[in-house]
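Below is one structure, written out as structure tokens; the observations come after it.
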Amino acid sequence: MPLQQHWLMKSEPDVFGLDDLQRGGTTWWDGVRNYQARNFMRDNMQVGDAVLFYHSNAKPSGVAGLARISAAATPDASSWNPDSEYFDPKSSPQAPRWWHVQVAYVSHFKRLVPLAELRDIPELADMALLNRSRLSIQPVSPAHYDIICQLGQC
DNA sequence: GCCAACGTTGGC
DNA sequence: GCCAACGTTGGC
């Protein structure tokens with residue numbers, strides 16, 4: 001297991017953007033209801049891992065800045081709260097189906113790196129972001145992370 | 001707002 | 001276990 005891993009996490013800025021994370025300092029990444037994304041959080045993320053914070057459904061969509069994992073996965077209590085929009089009747093405190101990690105603000109890029117720009121870089125062609133459009137949490141290789149960081153003048 | 005991609009559900 | 005129907009994501 002490498003000391004520090006790298007991830008990309010998507011959020012809609014109209015709902016919760018990097019500005020919101022900066023304001024609060026940290027947040028629990030709740031509401032993820034995709035098994036692959038859950039598995040990354042629950043099984044692979046470690047405190048200190050670096051996160052590219054991606055704005056989806058935005059104008060333009062792209063990588064807005066950096067965050068880091070500040071607490072390892074715990075059960076997502078919204079999953080058994082009937083009043084939550086994320087409620088899942090198959091999840092319970094005794095058998096949690098969904099998990100979340102805590103994410104801390106690090107920095108805004110000096111410039112947002114738009115998706116269209118990432119698509120134009122041959123070295124990034126096999127990024128999950130560009131090929132698995134529906135996956136909201138995904139691992140990023142150190143090389144890809146460095147390229148994107150430089151594009152954002154981090 | 002449209003719609004393609006694709007993950008999930010449920011009948012069989 | 002297959003696969004059609006359905007719902008959601010997310011770019012444009």
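On a predicted model such as this, the values are computed, not experimentally measured, just so you know. Within every chain, numbering begins at 1; the chains are lettered A, B, ... in the order of the sequence lines, protein sequences first and strands thereafter.
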ask   = Is the distance between the ring centroids of A:Phe40 and A:Trp7 under 6.0 Å?
value = yes

Counterpart residues, ring-ring contact (aromatic ring centres under 6.0 Å, His included), relative to A:Phe109 (two or more places apart) = none

message = Main chain of A:Ser56, side chain of A:Ser61: is a donor-acceptor contact present, judged purely on distance under 3.5 Å?
response = no

Aromatic ring proximity, centroids under 6.0 angstrom, A:Phe16 and A:Trp28 = no

task = Using whole Å, report how far CG of A:Asn57 lies from P of B:dC2.
result = 15 Å

query = When rounded to the nearest 0.5 angstrom, what is the spacing between CG in A:Asp126 and CZ in A:Arg132?
reply = 13.0 Å

N/O donor-acceptor pair under 3.5 Å between A:Arg38 side chain and A:Arg97 backbone = yes

key: Within one Ile-Leu-Val-Met-Phe-Trp-Tyr cluster: A:Phe53 and A:Met9, side-chain cutoff 4.5 Å   = yes

key: Reading 5' to 3' through nucleotides 4-11 of chain B, protein heavy-atom contacts under 4.0 Å coded B for base, S for sugar-phosphate only, - for none   = -BBSS---

ask   = Using a heavy-atom distance cut-off of less than 4.0 Å, which residues of residues 113-124 of chain A contact DNA chain C?
value = A:Leu115, A:Arg119

ask   = With respect to A:Trp98, which candidate in A:Asp76, A:Asn34, A:Asp88 satisfies the side-chain hydrogen bond (donor to acceptor under 3.5 Å, both in side chains) definition?
value = A:Asp88

